[in-house]
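As the structure is a prediction and not an experimental result, all values here were calculated from the model.
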Amino acid sequence: MTASEDADTFEVLAAQLETEGSLMDADPSQGELPDLDPTLVPADVRAALEAILIVASDPVAPTVLAQLLEVSVETIEALCEYLADSYAQ
């Protein structure tokens, strides 16, 4: 893939994310996923998420965080709950 093709692909994905809110097809009939254990996520992913959240001047959508860190939205949500709980202590 050339740089131009990469840029075109990025633009298509960004537009899709903007209009649909997700790059993955959601199937609401599947029900909820089981609770994820955030301690099983690699430490570098947890650290990167925490760093992004600390320096962000505006709220960052879970879908964007999931894309940046290459994990699922469910993982991001579990990690955010974990971080919130750890800060509350």
Distance (rounded to the nearest 0.5 Å) between Cys80 SG and Leu53 CG: 5.0 Å
Sequence neighbours excluded, the answer for side-chain contact (heavy atoms from CB on, under 4.5 Å) partners of Pro59 is none
On a heavy-atom basis, the closest approach of Leu79 and Arg46 is CD2-CG, 3.3 Å
Identify the two heavy atoms, one from Leu69 and one from Ile52, that lie closest to each other, and give their separation to 0.1 Å. CD2-CD1, 4.1 Å
Joint hydrophobic cluster, Ile54 plus Leu49, side-chain heavy atoms closer than 4.5 Å: yes
Give me each pair satisfying side-chain hydrogen bond (donor to acceptor under 3.5 Å, both in side chains) with a member in residues 75-89, each pair once, sequence neighbours excluded. Glu50-Tyr87, Ser72-Thr75
Would you please name every residue forming a side-chain contact (heavy atoms from CB on, under 4.5 Å) with Ala66, sequence neighbours left out? Val73, Ile76
